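As the structure is a computational prediction, the values presented were derived from the model and not from experiment. Labels below follow one simple rule: chain letters A, B, ... track the order of the sequence lines, proteins then strands, and each chain is numbered from 1.
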Number of protein chains: 2
Amino acid sequence: MSEPAPVERAPIGPVLIVGAGLIGTSVGLALRHHGVEVHLADKNDANLAQAEALGAGVAAPPDRRELVVAAVPPDHLGETVVDALERYDDAYVTDVGSVKTAPLAYVRGSTADLSRYVGGHPMAGSERSGPAAAAANLFEGRAWAVTPHDQARPEAIQAVRALATACGASPVELHPEDHDAAVAEVSHLPHLMAVLAAARLVEAPHRHLSLSGQGLRDVTRVAAGDPSLWRQIVAANAGQLRGLLLAVRDDVDRLLEGLADPASPHVVDLLRKGAVGRELIPGKHGKPTPAQTIVYVAVPDRPGELARLFADAGQSGVNVEDLHIDHDPARPGGLVEIVVATSSAERLTTSLTAQGWSVHR
Amino acid sequence: MSEPAPVERAPIGPVLIVGAGLIGTSVGLALRHHGVEVHLADKNDANLAQAEALGAGVAAPPDRRELVVAAVPPDHLGETVVDALERYDDAYVTDVGSVKTAPLAYVRGSTADLSRYVGGHPMAGSERSGPAAAAANLFEGRAWAVTPHDQARPEAIQAVRALATACGASPVELHPEDHDAAVAEVSHLPHLMAVLAAARLVEAPHRHLSLSGQGLRDVTRVAAGDPSLWRQIVAANAGQLRGLLLAVRDDVDRLLEGLADPASPHVVDLLRKGAVGRELIPGKHGKPTPAQTIVYVAVPDRPGELARLFADAGQSGVNVEDLHIDHDPARPGGLVEIVVATSSAERLTTSLTAQGWSVHR
């Protein structure tokens, strides 16, 4: 593009967002926050009006657009991208879908100018949907996959990177196939494993669920996601998921063999492989997870106690890596699990104990 | 037993704990905390000496014992219970294993006095093991399954309930078969699903893991558990797990069919069933989960910020149901997810925003 270098308050030129749902409206809000000129389009007039009322942009076509963002459900991504490339021959086009090869193949199969399209995928979402659930800081601190292809113009790649950065996210560049393989492994297959575990609970007698603990809640949390959206994601990434699901079926068969034969190493082999895989997940800031320890603290179940706990924990100078609240099934009160570097656990335990908390590791 | 009613500081009589690992030593510490006379036994002299040094009890046989607690690994539970029943004909015997029909069947198959044995299972643990990882309050606020059988003496059941209560847990009575079916559904199968998801990461290229998010971390967290212990748990509950794993394999086959045929309802049907199952998990205090909303707050990654956040959140008077920290993959800083009742979300959001926090729902 021949526009001058972006000024500080408007890192990218006019942006047209097609699709005013949760993600599209959030992109609009984030860009408006940085002074970018944003225009909105949506087949659903109510969504469009609500997104405009929330301040996500103007519900009218722009005279000039630098970037079009396709923010429609996975089933409609390809056609939306092609339509934008054909309609606006002066614009770069990106999308925010969870799968990247399917829309790219659709564009390749069309007569549209492929060089102006580069896919994107912000690693953020919500179990809610629609413009009312949108937020300007939805992408703050998240990764935003940018997936160039061999014919992409460098300026198109740069425009998508600038979009991610303007939304507060960190661009991570990957080939489209590589992206889809990665999200199949780190997101789509884990989602299906959570669904498989949660689906079994439907047939369980209600009284069995009284033994539910934090492990079950963690394993199944993502299974609460919108089935209709996830059907589209799974369908769009069917190729990558098929290989992983065949490997899962082999593992299930080996588990069944192992259960039938106490001398078989199959069960412990898989348990060991799972423990190794879990260790490979990067910790915060992309660094390997350092040795961490959970410090458990009993906390009365009333407002203000968490504040008191974290004020006391803050005095110890220890950085909290993660935390959970695990509630007592039968009486008021809860256990807070504070995850800290193992090297800090002693200091936190000593400090909290001295301040009267019931603590253990 | 003919002992007088327990006094306040010693709710149960002398207890012998066989096995001074994480659970056995924690039971000893909890009971000593309530003034109960505790004796310890372990084939491993180093563990025994360490548990005694920690104050979990006396490493010598008692003159008289009201209750023997078998706290050995699953593979050795049955023989340890039978040995205790035969050696101490004046004592009730319980255990703390994750599976309850296997040790019961072992005792039934022996000539020992079955009426004095009632199984138990505290719903608490740690990814660590050994007496050094023990804590007096490990069971505080947790459920403790008590699993009587048809020949159990009421006094034996009462002794196990008293043990659970003295350790700070809430006794939950279930038949042994029912217990094993329940833990297969709410703990052992979900553990295996987490392991299946984590195992796939071993074959993933390292760069793919840069897209890892909180969903993956939650789904796979329990897969870090000790493979050797979990091999024994899985083996001891093989009967219950077999049926569930066959159902999982059927579901995987249906997913594969659904992936191959876009017109198939299999994928969306399973996603819907998973969402329903997830909703069935009870919330805190055993009540159904009320409608909850996640409020996201951006928090600088330095000590003291969480304390400030919870002090500010505490001022809103809103009760926090659960929380997570989700870290930025590429820069310092994190997102805190605060789970509150949906009816409280507006109040918390308004209050935190007014106090200068970057908040969205």
Novice: Give, for atom CZ of R254(B) and atom CG of L245(A), the distance between the pair rounded to the nearest 0.5 Å.
Specialist: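 Nearest 0.5 Å value for the CZ-CG distance: 13.5 Å.
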Novice: With a 4.5 Å limit on heavy-atom distance, are the side chains of L255(B) and V234(A) in contact?
Specialist: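 Answer no - side chains too far apart.
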Novice: Looking only at heavy atoms, what is the nearest atom pair of T220(A) and R278(B), with distance?
Specialist: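 Heavy atoms of T220(A) and R278(B) come nearest at OG1-NH1, 3.0 Å.
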Novice: What part of S358(B) gets within 4.5 angstrom of chain A, counting heavy atoms only: side chain, backbone, both, or neither?
Specialist: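 It is both, since atoms from each part get that close.
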Novice: Could you tell me which portion of A247(B) (side chain, backbone, both or neither) has an atom closer than 4.5 angstrom to a non-hydrogen atom of chain A?
Specialist: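 Both parts, backbone and side chain.
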Novice: Run the salt bridge (charged side-chain N to carboxylate O under 4.0 Å, His left out) check on E173(B) and R207(A) step by step: do they pass?
Specialist: CA-CA 10 Å; E173(B) 244 175 76; R207(A) 67 184 178 284; over 6 Å; no
Novice: Give, for atom CG of L196(A) and atom CG of L244(B), the distance between the pair rounded to the nearest 0.5 Å.
Specialist: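 Answer for the CG-CG pair, L196(A) versus L244(B), is 11.5 Å.
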Novice: Measure the shortest side-chain to side-chain distance between V183(B) and L211(A) over non-hydrogen atoms and say whether it is less than 4.5 angstrom.
Specialist: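 Yes, at least one pair of side-chain atoms sits under 4.5 Å.
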Novice: Identify which part of L189(B) has an atom lying under 4.5 Å from any heavy atom of chain A, answering side chain, backbone, both or neither.
Specialist: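 Contact with chain A involves the side chain of L189(B) alone.
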Novice: Between H191(B) and chain A, with a heavy-atom cut-off of 4.5 Å, which part of the residue counts as in contact: side chain, backbone, both or neither?
Specialist: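 For H191(B), side-chain heavy atoms alone lie under 4.5 Å from chain A.
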Novice: Atom CG in L174(A), atom OG in S210(B): separation rounded to 0.5 Å?
Specialist: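 One finds 5.5 Å between CG of L174(A) and OG of S210(B).
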Novice: Do you know which two heavy atoms are closest between L201(A) and V186(B), and how far apart they sit?
Specialist: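 Smallest interatomic distance, heavy atoms only, reads CD2-CG1, 4.3 Å.
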Novice: For the residue pair A198(A) and G274(B), what are the closest heavy atoms and their distance?
Specialist: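 Of all heavy-atom pairs spanning A198(A) and G274(B), the closest is CB-O, 3.3 Å.
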Novice: Sort V248(B) into side chain, backbone, both or neither according to what part of it lies under 4.5 angstrom from a heavy atom of chain A.
Specialist: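 Looking at V248(B), backbone and side chain both touch chain A.
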Novice: Name the region of A136(A), side chain, backbone, both or neither, that has any atom closer than 4.5 Å to a heavy atom of chain B.
Specialist: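 When you check distances to chain B, no heavy atom of A136(A) falls under 4.5 Å.
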Novice: For residues V219(B) and D218(A), determine if any side-chain heavy atom of one lies less than 4.5 Å from a side-chain heavy atom of the other.
Specialist: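 Contact flag for V219(B)/D218(A) side chains = no.
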Novice: With a 4.5 angstrom heavy-atom cut-off, is it the side chain or the backbone of V359(B) that approaches chain A, or both, or neither?
Specialist: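 Backbone only.
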Novice: With a 4.5 angstrom heavy-atom cut-off, could you sort out which part of A184(B) is near chain A: side chain, backbone, both or neither?
Specialist: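 For A184(B), neither part sits under 4.5 Å from chain A.
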Novice: Highest number of heavy-atom pairs under 4.5 Å with chain B: which of H121(A), H179(A), H208(A)?
Specialist: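 The residue among H121(A), H179(A), H208(A) with the greatest pair count is H208(A).
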Novice: On a heavy-atom basis, which atom in V222(A) and which in G215(B) lie closest, and how many Å separate them?
Specialist: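 V222(A) and G215(B) have their closest heavy atoms at CG1-CA, 3.8 Å.
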Novice: Measure the CE-OG distance between M123(B) and S212(A) for me, rounded to the nearest 0.5 Å.
Specialist: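 Between atom CE of M123(B) and atom OG of S212(A) there are 8.5 Å.
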Novice: Please tell me if the side chains of E185(A) and P205(B) come closer than 4.5 Å, counting only heavy atoms from C-beta onward.
Specialist: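 In contact.
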Novice: Less than 4.5 Å to any heavy atom of chain A: does that hold for the side chain of L309(B), its backbone, both, or neither?
Specialist: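 Interface part for L309(B): neither.
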Novice: With side chains defined as the heavy atoms from C-beta onward, is the minimum distance between L192(A) and L270(B) less than 4.5 Å?
Specialist: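 With C-beta onward as the side chain, the pair stays apart.
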Novice: Going from CG on L209(A) to CD1 on I281(B), what distance comes out if it is rounded to the nearest 0.5 angstrom?
Specialist: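 It comes to 7.5 Å.
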Novice: With chain B as the partner, which of L241(A), V276(A), D253(A) has the greatest number of non-hydrogen pairs under 4.5 Å?
Specialist: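 Between L241(A), V276(A), D253(A), the count favours D253(A).
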Novice: What are the two closest heavy atoms between P227(B) and V268(A), and how far apart are they?
Specialist: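 Where P227(B) meets V268(A) most closely, the heavy atoms are O-CG2, 3.9 Å.
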Novice: Take atom NE2 of H266(A) as the centre, draw a 6.0 Å sphere, and report whether it contains more than 12 heavy atoms from other residues, nucleotides or ligands.
Specialist: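 Counting other residues, nucleotides and ligands, NE2 of H266(A) exceeds 12 neighbours.
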Novice: Identify the heavy atoms of K273(A) and V202(B) that sit nearest to each other, and give their distance.
Specialist: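 So the minimum-distance heavy-atom pair works out to O-CG2, 3.4 Å.
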Novice: Taking NZ, NE, NH1 and NH2 as the nitrogens, is one of them in D251(A) or R200(B) under 4.0 Å from a carboxylate oxygen of the other?
Specialist: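 R200(B) and D251(A): salt-bridged.
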